[in-house]
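Here it is: the structure, laid out below.
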Amino acid sequence: MHRVQWLGMYSWIVSSETKISNFGITDPNSQMSIRKVLVDLLSDTSEKLSLGEKEIQDNLVKYFEKQDGHVNLVEKYREDFVSSAKTLRRQTENTVRNKLLGAVEIKEGMTELNNIKSSQTSTMERKVLALLQTCRQKKTDLSDQDFQEEFESMWEETLSEINFSGLPERDVAQDAFLMLSGNLSVRGSHVNSMLVTNSLVDCGKTDFVVKSVNWLRNAEGLAKHMDHDHHGKKLQDFCDDIITQCQDFITQKVKSKTDYHDTNIETLKQHKKCKVSEECEISLKLHIFGRAAREFQKMHNHFIVSNNPRMCLEQSKNKYLTDFKDLFHNRDQCLKKAEEFSKLLQPAVQDYVTKMIGPDVVDEMKTGKGSEDYSTRMSFQFSVLKQLLTEGKYGKYRKYIRHYENFVKDWLFDQIVQQLSKDNRLEKSEKKHLSEIVKIITDAISNIRKSHSPIKNIKTFIQNICSALGEKLVFPKDALDSIMILNNANTEQFADYLAEFVGEMEQTVASEYDHWTDIKERLRSLPFKPQDNMFTSQFGCGEVCPFCCAPCEAGGKEHAKHFTSIHRPQGVSGWRNLKTRVLWTNICSSDVISDNTFRTSQTGDKFHPYKDYQTYYPDWTITGDSSIEASDYWKYVMATFNKTIAEDTDALPADIPEDWNALTPDYAMKSLKNIFNVK
């Protein structure tokens, strides 16, 4: 999907989620159900993505109809391009569906709470107006003390009449376990016995440890030479990466301070496919779900306490008293109500800006200075390997090899921080979106004032503003209700004051952006993570060479064959001779044109010729290279860190060929440039 199309799709997703959040608020008299709204939005999604896919396919046809000299170089990838476009459309549609369904389920979960609060607000409004009538009928003047006593009496009487039921507390661990067991119930008796013998609330309290040799079987892409010790470490690294990614998701959800919903666990279930043994997969999922259940239970309990109906009503007591006095004395409430509404708008405006920043950051990285580093997957790989060579630290190489996904995301994050630190670029982006939304608000106020039908009360005026902004800003229903009740404000004067307060709000928020000093913290707070989005476009399918663990460089998630331009000495990844424990210096691209053999769990523990590797790895293309000059970069790395790698992997140093020891950083860089055609 073209960058402009993708940014438009993201904006559409955000506005759709906002529309769902505001359901019943911006259009309180709607006859439509929220599920019908969801169906309509998903239909729109499908239509938009169909148009996007057609445009990509049409552009591909036009490209391959060209007669220039470059087309023939990529002709063999034509079907991969077509397949990638279809895959992109399907993945995007699934992402949008999951996001919108999650938003609907959150909204449905809030419906009961909002109904409770609305009922309380209506009851209290009715009681205050009744008290107001009673006080006005008294012939004697009432002092402030009299007002206070009358109000307190009414308040206590009303509280005694209201049934404060609140939200029921859920057993998150039980719900999560039922979802997990339902998902795995078809696996057989062994899986079911593992599930029933474990209590989810007790899982994940200690570090996850790969325990059994049986866990090593059927772990695709990890086994080599049946070295169980080394394979165990590789599997541990693999599981640790999955745990880290899931924990990041859990932490992000907890920080949102919303209620728990089943979609939280559903997302974890879909997070990543585990290419490990069944026993390892179940143990890993129990570990992750156990952690998630405890943290989500705390989040859920905190939400219930924070939204206790009686407590929320008590917090509004002084506001009801003030409104009561204002109405009795016929005081103009325009200024106060306008200020209250502007204070409600401010967090909504800040939330809008925060949602819009992420795509701006991606755009800056892909079009600004240094954007050539991210223009293609190949140029991205070159940039990463170049920096690793420049820094020359084994720890960085170790993380790149063992935890590739986490390394690349961290690397991208650091690049983003460096880019945004120049010329206050993040602050400029924030202020741009702030000015944009403030103009939309002020235009809405102006347009409503100019409407042909004069609006006589501010409740209708505010509802019209919310309707106009319903796809931009999320409005909290209880706070909105409390502003619209018990008022006698003049709409014209209210609109004047509101426009002034919105202007002041813009200055206040802009000042906050001026004082942001921690760019990293600001970026981490974004719901749209620019490093994650850039990683997805640069990462590829995530598969690695079955022999040296070099990542596949083919585009998209689905392609006919996996390949990589630069294979590594297998010792770089810690592979060693089982008998001597000496690190291997073999390179896949030379092995596949030699008489050497390999043995893995895939071969049934039998030796198999490298020449016929596709018998067991048919999805991989490893181009033979007798000179293996393409791997000079990694030869240098192997020679430089030979002893360190051996110590780190509990092996013996490799017997490094003399010509490898003669390689220099400059020669390694030259090799890297040749591989990626960089001048």
Side-chain angles (χ1 to χ4, degrees), residues 5-53 89-119 121 167 253 256-267 270 303 307 344-345 347-349 351-352 354-356 359 437 440-441 444 447-448 459-460 462-481 484 527-528:
Q5 289 177 317
W6 175 83
L7 291 175
M9 197 68 209
Y10 172 75
S11 296
W12 186 84
I13 293 170
V14 170
S15 67
S16 297
E17 288 179 307
T18 303
K19 184 176 181 179
I20 290 169
S21 297
N22 287 327
F23 180 78
I25 299 174
T26 54
D27 187 11
N29 299 316
S30 174
Q31 300 301 308
M32 211 181 226
S33 71
I34 193 167
R35 288 285 168 167
K36 179 61 169 62
V37 172
L38 175 63
V39 169
D40 289 348
L41 289 173
L42 292 178
S43 177
D44 290 346
T45 299
S46 183
E47 185 177 336
K48 287 178 181 292
L49 291 175
S50 292
L51 291 173
E53 182 187 356
R89 182 257 168 84
R90 185 171 61 254
Q91 290 174 341
T92 304
E93 194 159 11
N94 287 338
T95 298
V96 174
R97 181 184 295 107
N98 290 337
K99 278 184 170 292
L100 298 188
L101 180 59
V104 166
E105 290 185 355
I106 289 172
K107 181 65 179 178
E108 288 176 334
M110 289 294 292
T111 299
E112 183 180 356
L113 179 62
N114 285 333
N115 288 342
I116 292 170
K117 290 183 176 180
S118 292
S119 175
T121 301
L167 293 174
K253 282 296 174 186
S256 70
K257 297 181 179 179
T258 56
D259 196 7
Y260 165 78
H261 298 280
D262 288 339
T263 49
N264 301 150
I265 294 295
E266 283 289 349
T267 304
Q270 301 166 6
F303 182 84
N307 288 277
L344 179 145
L345 285 175
V349 164
D351 181 58
Y352 170 86
T354 298
K355 289 175 181 175
M356 294 294 107
I437 191 61
I440 291 172
I441 294 170
N447 291 336
I448 293 168
K459 179 176 181 178
T460 304
I462 290 175
Q463 283 178 337
N464 287 354
I465 291 176
C466 292
S467 295
L469 304 174
E471 294 185 10
K472 298 291 183 182
L473 303 180
V474 176
F475 298 100
K477 189 175 189 308
D478 53 341
L480 200 59
D481 286 345
M484 294 191 294
F528 178 100

key: side chain to side chain donor-acceptor pair (under 3.5 Å) against N307, all qualifying residues, sequence neighbours excluded   = K117
Any pair counted as salt bridge (Lys or Arg N to Asp or Glu O under 4.0 Å), so long as it reaches residues 94-105, sequence neighbours left out = none
remark   = K472 meets the side-chain contact (heavy atoms from CB on, under 4.5 Å) criterion, sequence neighbours left out, with Y352, I437, I440
ask   = With A468, which residues qualify under side-chain contact (heavy atoms from CB on, under 4.5 Å), at least two apart?
value = A444
Residues forming a side chain to side chain donor-acceptor pair (under 3.5 Å) with S15, sequence neighbours excluded = none
remark   = With sequence neighbours left out, the residues meeting salt bridge (Lys or Arg N to Asp or Glu O under 4.0 Å) with E108 are R35
message = For S50, give me all partners under side-chain contact (heavy atoms from CB on, under 4.5 Å), at least two apart in sequence or on another chain.
response = S46, R89
task = Could you list the residues that satisfy side-chain contact (heavy atoms from CB on, under 4.5 Å) with D351, not counting sequence neighbours?
result = K355
message = Going by side chain to side chain donor-acceptor pair (under 3.5 Å), name the residues that satisfy it together with S119, two or more places apart in sequence or in a different chain.
response = none
note = Residues passing the salt bridge (Lys or Arg N to Asp or Glu O under 4.0 Å) test with D481, sequence neighbours excluded, are K477
note = Residues passing the salt bridge (Lys or Arg N to Asp or Glu O under 4.0 Å) test with D44, sequence neighbours excluded, are none
Residues that T460 engages under side chain to side chain donor-acceptor pair (under 3.5 Å), provided they are two or more places apart = N457
